[in-house]
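Accompanying notes for the structure given below.
In what follows, every heavy atom counts, from backbone to side chain, and hydrogens, waters and symmetry copies are set aside. So you know, we letter chains A, B, ... as the sequences are listed, proteins then strands, and number each from 1.
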Number of protein chains: 2
Amino acid sequence: MALRHAVLAALLGGELSGYQLAKSFDLGVANFWHAQPQQLYAELTRLERDGLVSGREVVQEGRPNKRVFLVTAEGLAEVERFTAASAKPSFVRDDLLVKVQGADHVDTGPLIAQLTERADFAQGKIELFEELLERMRGSRTEEEFLRDGEPVGPYLTCLRGLAFERGNRDWCRTAVTVLRERAGARGGR
Amino acid sequence: MALRHAVLAALLGGELSGYQLAKSFDLGVANFWHAQPQQLYAELTRLERDGLVSGREVVQEGRPNKRVFLVTAEGLAEVERFTAASAKPSFVRDDLLVKVQGADHVDTGPLIAQLTERADFAQGKIELFEELLERMRGSRTEEEFLRDGEPVGPYLTCLRGLAFERGNRDWCRTAVTVLRERAGARGGR
DNA sequence: GTCTGCTACTCATGGAGATGACTAGTCAGA
DNA sequence: TCTGACTAGTCATCTCCATGAGTAGCAGAC
């Protein structure tokens with residue numbers, strides 16, 4: 001159950017509503033985890049039931065009221081416990097990789113299209129992450145921020161996301177080049 | 001259901017038994033997907049039931065007999081279909097990232113230990129991937145192999161795995177450095 | 001001579017995450 | 001004035017994936 005801890009970790013940064021939470025877990029950002037709104041609402045309900053977060057109603061004008069949640073002392077203890085527990089290694093897991101694995105045996109046309117699309121998507125996320133990092137560190141350099149800026153946690157996970165997407169983009173591009181040239185060579189044979 | 005297609009993609013490289021398959025999907029290699037032996041056996045059963053792979057008994061001396069599977073024509077068609085279908089973007093999803101996200105609010109000692117462990121694990125996989133790539137390309141250079149070596153699919157996925165693990169290792173190391181220095185600064189205050 | 005480890009596989013159950021379908025009010029623009 | 005987009009959230013279901021436990025024969029080590 002890492003989703004639960006991901007939600008807790010996100011709320012450590014300050015009070016958020018389910019909707020705001022969903023914004024950061026859904027498209028684009030997804031710094032360190034990814035989830036659909038429904039999952040988050042469900043998880044928040046469970047977390048509140050278990051006393052790890054507490055919610056309060058915020059009355060708004062001109063838009064629906066919302067419930068914002070913050071981590072309780074028990075919640076923090078749970079984060080502490082989770083952080084200390086040993087983590088299982090993470091694995092790459094990607095439909096696209098499965099498809100590329102079989103590239104020798106299928107028509108590579110649609111595959112190249114998907115790789116291109118993915119490269120563009122990754123590029124978009126790269127820009128997003130770069131902006132986010134800039135915003136977080138403000139006028140400081142990265143080195144300065146890492147020395148004593150706050151919060152470092154989100155900054156570090158953002159850095160990982162950035163590196164991951166750069167890896168994605170670069171790999172997709174080389175895969176496209178390779179597959180294109182091979183298709184060309186076969187076609188011109 | 002990407003597991004199913006991952007199995008198919010793996011079998012495109014040639015006949016394999018469930019056990020052999022499990023070897024490559026389990027620890028270490030896990031080129032492009034990861035799964036437990038039980039999942040693979042179950043999936044193979046389903047694939048055979050659906051006519052996407054066909055199995056045959058191989059009698060062995062001095063060790064248990066085994067069943068080896070190969071992809072049928074329908075199986076290949078299914079791979080083709082799957083490859084052409086649009087893929088959903090993949091997301092980073094890692095317990096460790098969740099833990100780092102909350103790094104500002106917890107004791108970083110155990111976290112640093114886990115990051116170090118992960119860096120070592122990644123290093124091990126890097127070496128494994130490098131060997132694998134060398135073995136695949138034989139005497140050719142990477143450029144040569146990518147131009148017309150076979151199979152490219154597995155080579156490309158292996159490259160992605162390598163890059164991913166390098167990213168993991170490097171990120172873990174910087175995270176360790178950052179968290180250590182901060183802990184030191186706080187302690188000596 | 002027994003113990004550990006490897007090949008080779010099966011069964012059963014749990015739990016997390018994914019998905020589709022819906023409600024309902026507000027606001028900006030065609 | 002109607003449409004689409006945004007805020008804010010709920011309910012129900014499902015499928016995949018994860019995990020533990022177990023079997024059984026053979027080989028080599030100590």
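Atoms NE2 (B/H5) and P (D/dT15) sit 15 Å apart, rounded to a whole Å. One interatomic measurement links the two molecules: CG of A/L40 to P of D/dT10, which rounds to 12 Å at whole-angstrom precision. In this structure, CG of B/N65 is placed 9 Å from P of C/dA8, rounded to the nearest angstrom. Distance B/Q36 CD to D/dA21 C1': 14 Å, rounded to the nearest Å. Rounding to whole angstrom units, CD of residue B/E43 and P of D/dT19 are separated by 17 Å. Taking atom CE of residue B/M1 and atom P of nucleotide C/dA18, one finds them 16 Å apart after rounding to whole Å. Nucleotide D/dC11 holds its C1' atom 14 Å from the OH atom of A/Y41, rounded to whole Å. Between the C1' atom of D/dA8 and the CG atom of A/L21 lies a distance of 13 Å, rounded to the nearest Å.
Along DNA chain C, the nucleotide nearest to B/R67 and the one nearest to A/A35 differ in position, and the one closer to the 5' end is contacted by B/R67. The 5' end of DNA chain C is approached more closely, in terms of each residue's nearest nucleotide, by A/R46 than by the other of A/R46 and A/G62.
Between A/R4 and A/E78 there is no salt bridge, since no side-chain N of the basic residue sits under 4.0 Å from a carboxylate O of the acidic one. Looking at A/D120 and A/R173, no side-chain N of the basic residue comes within less than 4.0 Å of a carboxylate O on the acidic one, giving no salt bridge.
An OP1 or OP2 oxygen of C/dG17 is reached within less than 4.0 angstrom by no side-chain nitrogen or oxygen of A/Q39. Residue A/S17 places at least one side-chain N or O closer than 4.0 Å to OP1 or OP2 of D/dG9.
Residue B/K23 has its side chain nearest to C/dT7 when only D/dT7, D/dC17, C/dT7 are considered. Of all nucleotides listed (C/dT19, D/dA8, D/dT19), D/dA8 comes nearest to the side chain of A/Y19. Set against C/dA8, D/dC6, D/dC17, the side chain of B/W33 has D/dC17 as its closest nucleotide. The side chain of B/Q38 lies closest to D/dA21 when the candidates are D/dC16, D/dA8, D/dA21.
Taking five base pairs at each end of the helix from C/dG1-D/dC30 to C/dA30-D/dT1, the local helix axes there meet at an angle of 30°, rounded to 10°.
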Side-chain donor-acceptor pairs under 3.5 Å in residues 131-138 of chain A, sequence neighbours left out?
unit_1: A/R137; atom_1: NH1; unit_2: A/Y155; atom_2: OH; d: 2.9

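Between the side chain of A/Q39 and the backbone N or O of A/Q36, at least one donor-acceptor pair lies under 3.5 Å. With B/D104 contributing its side chain and A/G153 its backbone, the two residues share a donor-acceptor pair below 3.5 Å.
Heavy-atom contacts from other residues, nucleotides or ligands closer than 6.0 Å to CD of B/E57 number more than 12.
Counting non-hydrogen atoms under 4.0 angstrom, A/A2 reaches the backbone sugars and phosphates but no base. B/R93 comes within contact range of the sugar-phosphate backbone alone, with a heavy-atom separation under 4.0 Å but no base atom that close. Nucleic acid contact for A/Q60: sugar-phosphate only, since backbone atoms but no base atoms lie under 4.0 Å from a heavy atom of the residue.
A pairwise comparison of heavy atoms in A/E80 and B/D107 identifies OE2-N, 3.0 Å as the closest pair.
The ring of A/F32 has its center no closer than 6.0 angstrom to the ring center of B/F91.
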